[in-house]
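Please read the structure below before turning to the comments.
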Amino acid sequence: MPDFSLRFCRSGETRQILLEAKFTPASGAEEQTLGVMKFHYTTEDGQSQGVGLPLKISVLADAAARDAANAKAAPSMRQVEEEALLLDASEAHVEAVDKLKAGDARGAKKILEENRRKLAPAAKENKAIAGKMEQLAVD
């Protein structure tokens, strides 16, 4: 089971996580329980903590009902996708600074330019992403 890091999160900061998965629904089921998703983290004082969240899916056989449910969820999914873009850009920014410190200015510039291209489509509608693009341009 892969681990992932939210090392750029700060105390009190809220982040959303997008997990994309495909399931084959059980025949005739309206709701299907998949199990428990467990999150583990370490507090600032070094103590290990965890939380488990039940994971369920709704099975909508009717195409119109499914489309309506997806449309209702679209703003949340877009917000999570934008958070993922920001997280990726922050990690790339750190990587670029490390390359620059190591004397690889060309490699750092390449990383920053690649991330600006990734952010550009979403920057028109999201001020945080536009701000991150500016930050990557300045660096």
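Here the structure is a predicted model, which means the values were calculated and not measured. The chain is numbered in sequence order, starting from 1.
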With Gln32, which residues qualify under side chain to side chain contact (heavy atoms under 4.5 Å, CB included), at least two apart?
-> Pro25, Ala26, Leu34, Ile57, Val59

If you group Ile, Leu, Val, Met, Phe, Trp and Tyr by side-chain heavy-atom gaps below 4.5 Å, do Leu85 and Ile111 land in one group?
-> no

Decide side chain to side chain contact (heavy atoms under 4.5 Å, CB included) for Glu113 and Arg116; before the verdict, give the C-alpha distance in whole Å, the side-chain angles of both, and the deciding distance to 0.1 Å.
-> CA-CA 5 Å; Glu113 288 172 354; Arg116 284 180 49 80; 5.6 Å; no

Closest approach of Ala71 to Pro75 (non-hydrogen atoms, all atoms of both residues) | O-CD, 3.6 Å

Atom pair CD (Glu95) and OG (Ser90), whose distance is rounded to the nearest 0.5 Å | 12.5 Å

Greater than 12 external heavy atoms within 6.0 Å of Glu30's CD = no

Residues passing the salt bridge (charged side-chain N to carboxylate O under 4.0 Å, His left out) test with Lys56, sequence neighbours excluded, are Glu31

Tightest non-hydrogen contact, residues Ala96 and Ala108, listed as O-CB, 3.3 Å

Side chain to side chain contact (heavy atoms under 4.5 Å, CB included) with Asn126: which residues, sequence neighbours excluded?
-> Glu82, Ala128, Ile129

Hits for side chain to side chain contact (heavy atoms under 4.5 Å, CB included) against Lys101, two or more places apart or cross-chain, chain-then-number order -> Val97

Of all the heavy-atom pairs spanning Ala69 and Leu60, show the shortest one and how long it is.
-> CB-CD1, 3.7 Å

Measuring from Asp104:CG to Lys109:NZ, what's the distance to the nearest 0.5 Å?
-> 12.5 Å

From the list Asp88, Leu112, Asn115, side chain to side chain contact (heavy atoms under 4.5 Å, CB included) partner of His93 resolves to Leu112

Check Met133 against Ala123 and note the closest heavy-atom contact, atom names and distance.
-> SD-CB, 3.4 Å

Nearest heavy-atom approach of Lys132 to Ala89 is CG-CB, 3.7 Å

For Thr43, which residues count as a side-chain hydrogen bond (donor to acceptor under 3.5 Å, both in side chains) partner, sequence neighbours excluded?
-> Asp45

Using the test side chain to side chain contact (heavy atoms under 4.5 Å, CB included), find all partners of Val51 that sit at least two apart in sequence or belong to another chain.
-> Phe39, Leu53

So CD of Glu125 and CZ of Arg78: to nearest 0.5 Å the spacing works out to 7.0 Å

